[in-house]
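Please read the structure below before turning to the comments.
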Amino acid sequence: MSVLKKRTAVLTVLLLAALAFPFMTNNYWIDVATLALLYIIMAQGLNVVAGYAGLLDLGYAAFFAIGAYTTGILMTAYEWPFLMTLPVAALFSAISGAIIGAPSLRLRSDYLAVVTLGFGEIIRITATNLEITGTATGIFGIPSPNIGGYELKSQLDFYFVILILAVITIFVTARLGRSRIGRAWTYIREDEDAAEAMGVDRVRMKLLAFVIGAIIGGLAGSFFAVKMGAVAPHSFKVLQSIMILLAVVLGGIGSVTGVTIGAILVIVLPEFLRNVSDWRYLVFGLLMIIMMLFRPQGLWPAKYETEPESDEPPSPPITGDHSDLDVKSQ
């Protein structure tokens with residue numbers, strides 16, 4: 001079975017399980033599953049940044065917050081319909097991604113992680129102190145969204161709408177990973193200097209990764225805001241960013257299927273351990289450590305999705321001014 005068929009089979013099984021799940025359980029677990037779907041969306045967005053391009057982002061929850069606050073403010077203060085807020089949330093998230101990405105393009109590893117961590121805290125602290133964001137109490141009374149004349153009210157409504165968004169996100173990120181842009185990101189991740197020497201536009205590709213990841217995170221934040229009916233700064237702490245990154249690392253950095261599985265486990269495992277009360281996060285952490293010791297590449301490593309499916313050579317990545325060079329002749 002080819003790599004693409006294996007991935008398609010696993011994702012199809014997960015989709016079928018997701019479609020049947022809400023009819024086999026209670027409202028509590030539907031709510032947990034909806035949160036898991038939101039984490040899948042955010043984890044796929046972070047996977048573009050950290051998995052594909054190799055840019056360690058510890059402040060990814062900032063884009064989640066920007067999308068949530070944008071939708072919350074526009075729907076409560078200006079009475080915008082939900083669908084009209086989505087492009088604005090995506091735009092603000094993209095601008096934020098460009099703002100944090102541009103000065104960070106020359107930074108690597110630990111330095112980039114510190115900058116993104118600081119950016120995430122700046123967004124959270126700013127939201128805590130501004131009047132328009134409701135200061136520390138946040139924004140409440142966000143109305144239920146109306147999509148195509150149908151008002152989303154029940155947990156099932158939100159579950160299936162967010163499930164559709166998750167499926168679209170997985171499809172888009174999978175296509176990106178297999179595209180020329182995805183290969184350019186992979187070359188940058190493996191060796192920036194070598195990639196640039198071969199003509200890959202390092203600046204443009206890294207900035208594009210930040211912007212795409214930010215847009216995905218912002219859209220997830222918009223749906224989170226209308227689902228919860230409220231937005232508060234405590235929902236976007238550093239722990240949120242770490243949990244999203246954990247989902248990426250646990251599943252397999254750069255792997256669409258692995259990240260999907262990782263996001264589900266990050267949300268579901270602590271709920272199964274709720275019986276051990278305050279010890280559940282300790283047990284959860286120990287399980288993660290054990291898993292990393294015996295499976296350091298993740299549950300579904302990226303190599304399962306990047307093996308060639310044919311003997312044809314891959315097309316060249318997107319490059320800068322020297323994209324027409326014949327490398328073999330040199």
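These numbers were taken from a predicted model, which means no experiment stands behind them.
- Listed here is the closest heavy atom pair of Thr128 and Arg124: OG1-O, 2.8 Å.
- Members clustered with Phe140: none, using a 4.5 Å side-chain heavy-atom cutoff among hydrophobic residues.
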(message) Using side chain to side chain donor-acceptor pair (under 3.5 Å), reason through Gln155 and Tyr28 one step at a time and then give a plain yes or no.
(response) CA-CA 9 Å; Gln155 287 184 320; Tyr28 172 78; over 6 Å; no
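- Every residue meeting the side-chain hydrogen bond (donor to acceptor under 3.5 Å, both in side chains) condition with Asp157, not counting sequence neighbours, appears here in chain and number order: Tyr150, Ser154.
- The aromatic rings of Phe236 and Phe64 sit perpendicular, their planes meeting at an angle over 60°, well past the 30° parallel limit.
- Residues Ile122 and Ile99 do not share a hydrophobic cluster, clusters being chains of Ile/Leu/Val/Met/Phe/Trp/Tyr side chains in contact below 4.5 Å.
- To the nearest 0.5 Å, the span separating CD1 on Ile244 from CG on Asn47 amounts to 12.5 Å.
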(message) What verdict does the ring-ring contact (aromatic ring centres under 6.0 Å, His included) test give for Phe23 and Trp29, after you've listed the backbone C-alpha separation in whole Å, the side-chain angles of each residue and the deciding distance to 0.1 Å?
(response) CA-CA 11 Å; Phe23 302 105; Trp29 282 104; over 10 Å; no
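- Taking CD1 of Ile212 as the reference point, atom CD1 of Ile181 lies at 6.0 Å (rounded to 0.5 Å).
- Here the CZ atom belonging to Phe224 is positioned 7.5 Å from the CG atom belonging to Leu35, to the nearest 0.5 angstrom.
- Within the 4.5 Å cutoff, the side chain of Leu11 has heavy atoms near those of the Arg7 side chain.
- Annotation for Pro22 and Leu156: closest pair CB-CD2, 3.4 Å, computed over non-hydrogen atoms.
- Using a distance-only test at 3.5 Å, with no hydrogens or angles considered, a donor-acceptor pair links the side chain of Ser255 to the main chain of Trp300.
- Annotation: side chain of Leu15 is in contact with side chain of Val167 (closest heavy-atom distance under 4.5 Å).
- For the atom pair CE (Met42) and OG1 (Thr169), the distance works out to 11.0 Å, reported to the nearest 0.5 Å.
- Side chain of Ser222 to backbone of Thr71: no donor-acceptor contact under 3.5 angstrom is found.
- Between the Tyr52 side chain and the Thr173 main chain, a donor and an acceptor come within less than 3.5 Å of each other.
- Contact of the Leu152 side chain with the Pro145 side chain is registered, since non-hydrogen atoms from C-beta on lie closer than 4.5 Å.
- The backbone N or O of Gly51 lies less than 3.5 Å from a partner atom in the side chain of Arg189, making a donor-acceptor pair.
- Here the two rings, on Phe223 and Phe82, have centers that are under 6.0 Å apart.
- In this structure, a donor-acceptor pair under 3.5 Å is absent between the side chains of Glu196 and Tyr187.
- Taken to the nearest 0.5 Å, the CG atom of Asp57 stands 4.5 Å off from the OG1 atom of Thr116.
- No side-chain donor from either of Ser235 and Gln240 sits under 3.5 Å from a side-chain acceptor of the other.
- For an aromatic pair to be called close, the ring centres must be under 6.0 Å apart, and Trp185 with Phe210 fails this.
- One N or O on the side chain of Tyr159 and one on the backbone of Ala18 form a donor-acceptor pair closer than 3.5 Å.
- By the 4.0 Å N-to-carboxylate-O rule, Glu192 lies close enough to Lys206 to be salt-bridged with it.
- Thr135 places no side-chain N or O within 3.5 Å of a backbone atom of Glu131 that could act as its donor or acceptor partner.
- Taken from CG in Leu250 to CD1 in Ile261, the straight-line distance is 9.5 Å, to the nearest 0.5 Å.
- Note on Ile125 and Ile139: separate hydrophobic clusters, where clusters join Ile, Leu, Val, Met, Phe, Trp and Tyr whose side-chain heavy atoms are under 4.5 Å apart, directly or indirectly.
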